[in-house]
Amino acid sequence: MSTANLVKMANQIASYFANEPDPAQAASSVRNHMQLFWTPAMRQELLAWHQQQRQSELHPLVCQAIDAPGKAT
């Protein structure tokens with residue numbers, strides 16, 4: 001899967017959880033969704049891309065989810 005598609009899907013997930021009143025819970029929900037429904041290769045590819053592209057177009061909740069302890073990889 002292309003990195004562009006992973007970024008798009010991750011941002012869609014984050015947009016869904018962005019209405020959660022607790023930002024920490026929203027980031028946790030993004031992380032949990034990725035752990036449940038994404039393959040390890042998908043998560044690793046997104047993480048590697050994020051580490052190279054710090055000024056990326058990832059939604060802030062995705063960044064929190066993959067930068068947090070117990071991250072999505």
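Starting from 1, each residue takes its place in the sequence as its number.
His59 pairs by the ring pair (Phe, Tyr, Trp, His ring centres under 6.0 Å) definition with nothing, not counting sequence neighbours. Evaluation of the side chain to side chain donor-acceptor pair (under 3.5 Å) rule for Ser28 yields no partner, not counting sequence neighbours.
Between Phe17 and Ala26, the closest heavy-atom pair is O-CB, 3.4 Å. Closest approach of Gln35 and Arg43 over heavy atoms only: O-NH1, 3.4 Å. Minimum interatomic distance between Glu45 and Ser2 (heavy atoms only, all atoms of both residues): OE2-C, 3.9 Å. Summarising the geometry of Ala14 relative to Leu61, their closest heavy-atom pair is O-CD1, 3.6 Å, with the distance given to 0.1 Å. Nearest heavy-atom pair across Val30 and Ala65 is CG1-CB, 3.8 Å.
Each of Ile13, Asp67, Leu6, Leu46 was evaluated against Val62; a single residue qualifies, Leu46, per the side-chain contact (heavy atoms from CB on, under 4.5 Å) test.
The closest side-chain heavy-atom distance from Met34 to Ile66 is below 4.5 Å. Taking the side chain as every heavy atom from C-beta outward, Ser29 and His33 never approach each other to under 4.5 Å.
With rounding to the nearest 0.5 Å, the separation of CE in Met1 from CH2 in Trp38 is 8.0 Å.
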